[in-house]
Amino acid sequence: MSRYDPRVIEQKWQLAWEDAGIFKARHDPARPKYYVLEMFPYPSGRIHMGHVRNYTMGDMVARYRKACGYNVLHPMGWDAFGLPAENAAMEKGVQPGAWTYQNIDAMRAQMKPLGLSIDWSREFATCDPEYYGRQQALFLDMLDAGLVTRKSAQVNWDPVDMTVLANEQVVDGRGWRSGAVVERRELVQWFFRITDMADDLLAAIDGLDAWPEKVRTMQRNWIGKSRGLQFAFETKGAPEGFERLEVFTTRPDTLMGASFAAIAPEHPLAKALASDPKVAAFIAECRQSGTSEEEIETAPKIGLDTGIRVTHPFDPTWELPVWIANFILMDYGTGAIFGCPAHDQRDLDFARKYGLPVEDVFTAKGSDVRVGTEAFVPPKTEPVEYVRPLGEGGVMTGEAAVEAAIDLCEAKGIGSGVVRYRLRDWGVSRQRYWGCPIPVIHCPTCGVVQEKRENLPVRLPDDVSFEKPGNPLEHHPTWSKTTCPTCGGPARRETDTMDTFVDSSWYYARFTAPHAEGPTDLAEAGYWMNVDQYIGGVEHAILHLLYSRFFARAMVKTGHLPASAGEPFNALFTQGMVTHETYSTAGADGRPVWREPSEVIHDEAGAHLADGTPVEVGPSTKMSKSKKNVVDPADIIAHYGADTARWFVLSDSPPDRDVEWTASGAEAASKHLGRVWRLAHEASTAAGGDGDAEPLLRAAHRAIRDVTADIEGFAFNKAIARIYELTAAISRAESAPAEDRRFALRTLAQLVAPMTPHLAEDVWALVGGEGLVAAAPWPVVDPAMLAEAAVTLPVQVNGKRRAEITVPAGSDAATVEALVLQDPAVQRALDGKTPRRVIVVPDRIVNVVV
RNA sequence: GCGGACGUGGCGGAACGGUAGACGCAGCGGACUUAAAAUCCGCGUCUUUCGGGAGUGUGGGUUCGAUUCCCACCGUCCGCACCA
């Protein structure tokens, strides 16, 4: 007998789809469009299970929407600039471009067998000059629109390699190659002025109702809008020009608890004091750390008393010392604060370390407990008792006290209420080769000059050397030498390239017209934008999504997108990771040696290698090369077929949670698909059958209803559970008329077409479906087949289940109550007591309260 | 350190505030087979004196009723601006 052979059918149907050209997206104003997009991959050279999960989910949505009658756009491309290509160049001596394009070819070849409904004619890579040239045009338009600026910013500097390091390249405070202690250094850089849009980016989050709430919360917190007081201390003993020290605080209500003022090591006042060797040494010490906020926040708090004093604005006789402290960020507020140790943990730690006073400003209502080693920081909405108030005091919330403090200070002429954001401008300069060149020229006479638009793209040279550390574009003998577009004199090209986040901030728009002359084609963008469903990892919840939202607004402002596309992603779904158990054996030095899953044998003796060495089975973690707990999709597809891989990554776990890859799970998925195929094969030639068709037909319609709802709700694991039930029902209905079984199998084929499309086509063809199931409409549910005549209600007595009764659906409360009280099991549970209340939830439950 | 999420049988998970454990895996029992594989059917939280009792990370609270809502704690994961 024939059997399910994925190798044969998967290739067959992929060819059939290609011949029919059914996944090519065509602009058709007469039809409603639907744009499905998965976050495009970095071309590492191998696809991994995370990709399979991401693209299978996107394909699920794309194929489902197509069946529902939408004109679907489902493109794919490559996020192709970035550090790994330069690392490969250093390690293997290949050019980053050649390495990247080889990887793209390899990955495309691994992706195609998955049978995704992608319009490959729209494919591009961000490292194509055709793409990055348009990105340069966008950059110049943004420059003209005032959205770009140049200013100084801090970078990780490797003093041995004399080069800028990415945060990733800083390991335990040291450069990953040189091992030198990394220091912070200032460099003039290009920035996008994202903070100009902070308020709009924040307010518009309210409208993103199809985004996960957690992502919206994270974005709100990242933007971090806060109202506070900005005022100036008068200084004593400060150098000329620093008679006043501007500080910003979100807690002006704690001003009477101030015990010191502190400035960032990069603050102009600190720099002005650096002629003092002690200060200079301290600032140098503060710089011995990377730029990441995590590193700065977790570093031990250190400070230096400058000897300068400031007078308290509410009491001219009260003086506070000015410290330089390593935990003050120059980027936030004014780079200077006053410390109130009683109500801020960092200030308290600092005060305890350096013996500064701690004065409680407020206490819990009615409590006389004073701050010890833990700062008292209740929610601002909680009423507290002010014992050192700025004004009147008494019991009030922090919120109210802050507003009162701002009003009081404004009335007294001490500063003013201001709004600040945690969000910083987006620094896009990178001192690297493998990125989009910034299309400007530095001319000794004219200054910073734009490259002429007709000269775009400014192409990367393809003959660079990675022998020396640092930016190869700077080392290139000729590339940066050019003439000034304005005066014609000799000039130097900008050698900074753009952050790769820029590349991924507008690719969704380029997909709507991938070969347009300009960055976009407004007619195409107008039809296809916005992305209706965006799918990707939660690790992009903040940066990529926020930058994309900013870029879409910038493209509206520069005329590259219609006004309606300023918020580019209508719906967002964040999927979980694919994990696997980890396996290790004991190494000679006692440290674990990681083993690949394919090396490990599981049997009665436990887990071991082929030679009998026992294997330690560790917890399931994200698949990673370093722990070797990876399963190669290519191997799975070769062994089981693409449909099994697709079915597995959709089943079991909810899509937004991690899914654990297990060999037995893959085996089970494969078995199930074989069972479906066998049922179809048997039914294809079956005749007769005189049994009752109704249970089967009811099961089919229930499945249509439930699977549809589950797909709409991104509950793919539940949709799959419903498919298992329908399969069991068909298997059980051996005696039903053959044509009814074929109907049920056609329904099944339609329902699984988005999940396992190749199998679905084969089943569809076997049981008399017309044409391709990929082109067939979504099945329609018959409400008459869903109605139930009777319902079984659980009966609780005092909240504990004691009985159940069966009543006609829709029975009213009085009828149910009477029946329940007569029930012998209920009477036994009542034990002669009189019911106080009977709660009847129609068609759901009864609770008798005694 | 700061911000965000998650926690249910041996395992992955299901459950508009309404029968906790759908569906799947592993396991056990049975059918078919000379036998095995494949396939099909059934059982399945723990405990019990067989009446019942306990049970959704831990401890409290709200409710006729809590896995679900509220508070505190513990653990795990994600992000922190130059990894993508």
Side-chain angles (χ1 to χ4, degrees), chain A residues 3 39-42 44 79 81-84 153 155-156 164-170 189 212-215 217-222 224 290-299 301 327 331 345-346 349 422-432 499-501 503-504 537-544 546-547 574 576-577 579 619-622 651-654 656-660 662 664-665 667-669 671-672 674-675 678 715 717-718 720-725 728 731-732 792-801 803-804 828 836-839 841 844-850:
Chain A
R3 22 181 265 138
M39 291 180 185
F40 65 165
Y42 178 81
S44 62
D79 189 13
F81 276 134
L83 276 181
V155 295
N156 297 308
V164 177
L165 299 178
N167 283 337
E168 185 192 50
Q169 297 170 319
V170 179
Q189 314 244 56
E213 194 54 49
K214 62 177 172 185
V215 175
T217 306
M218 283 190 268
Q219 292 226 343
R220 282 192 192 100
N221 291 341
W222 185 260
T291 57
S292 85
E293 192 174 297
E294 184 186 5
E295 211 178 323
I296 292 167
E297 294 268 335
T298 53
K301 289 160 190 59
F327 62 96
D331 293 317
Q345 191 61 46
R346 287 180 307 183
D349 295 344
R422 205 186 76 94
L423 181 69
R424 308 199 295 254
D425 274 334
W426 174 12
V428 294
S429 286
R430 297 292 180 269
Q431 294 71 43
R432 310 192 192 294
D499 178 8
T500 56
F501 271 123
D503 313 338
S504 56
V538 73
E539 64 272 22
H540 296 293
I542 297 174
L543 294 178
H544 163 63
L546 191 62
Y547 291 153
T574 54
M577 299 178 299
T579 67
S620 204
T621 61
K622 179 178 182 172
S651 61
D652 284 353
S653 288
D656 57 348
R657 270 203 242 169
D658 294 350
V659 64
E660 184 182 10
T662 59
S664 58
E667 193 64 41
K671 277 185 190 172
H672 168 75
R675 178 159 53 238
R678 209 162 43 247
N717 56 322
K718 284 158 66 183
I720 280 191
R722 303 286 86 83
I723 297 291
Y724 274 111
E725 283 171 346
S731 170
R732 222 178 294 122
T792 300
L793 302 182
V795 181
Q796 297 179 329
V797 176
N798 282 342
K800 298 215 183 280
R801 183 178 172 278
E804 57 181 40
R828 204 176 336 117
R836 217 152 35 93
R837 242 176 105 187
V838 179
I839 295 153
V841 184
R844 291 223 65 118
I845 199 168
V846 183
N847 193 7
V848 183
V849 187
V850 183

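None of the values given here were measured: they were computed from a predicted structure. Hydrogens, waters and symmetry mates are skipped; everything else that's a heavy atom, side chains included, is used. Order of the sequence lines sets the chain letters (A, B, ...), proteins ahead of strands, with each chain counted from 1.
- Contacts of A/T298 with the nucleic acid, taken as non-hydrogen atoms under 4.0 Å apart, include base atoms.
- If you take CG of A/L546 and C1' of B/G4, they are 15 Å apart, rounded to a whole angstrom.
- In this model, the phosphate group of B/G52 is not approached by any side-chain N or O of A/K800 to a distance below 4.0 Å at OP1 or OP2.
- As rounded to the nearest Å, B/U39 and B/C50 have C1' atoms that lie 38 Å from one another.
- Note on A/R675: only backbone sugar-phosphate atoms sit closer than 4.0 angstrom, heavy atoms only; bases stay farther off.
- The interatomic distance linking A/R836 (CZ) with B/U63 (C1') rounds to 13 Å, in whole Å.
- Distance CZ (A/R837) to P (B/U63): 12 Å, rounded to an integer number of Å.
- Using cut-offs of 30° and 60° on the angle between ring planes, the pair A/W426 and A/Y547 is parallel.
- Using a 4.0 Å heavy-atom criterion, one finds that A/R346 contacts no nucleic acid atom at all.
- The CG atom of A/N221 sits 9 Å away from the P atom of B/A5 (whole-angstrom rounding).
- Contacts of A/A541 with the nucleic acid, taken as non-hydrogen atoms under 4.0 Å apart, are absent.
- Across B/C74 and B/A22, the matching P atoms stand 34 Å from one another, rounded to whole Å.
- When heavy atoms are screened at a 4.0 angstrom cut-off, A/P654 is found touching the sugar-phosphate backbone but no base atom.
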Does the protein touch nucleotides 67-84 of chain B at the base, only the backbone, or not at all? Give it as B, S and - per nucleotide, heavy atoms under 4.0 Å. -----------SSBBBSB
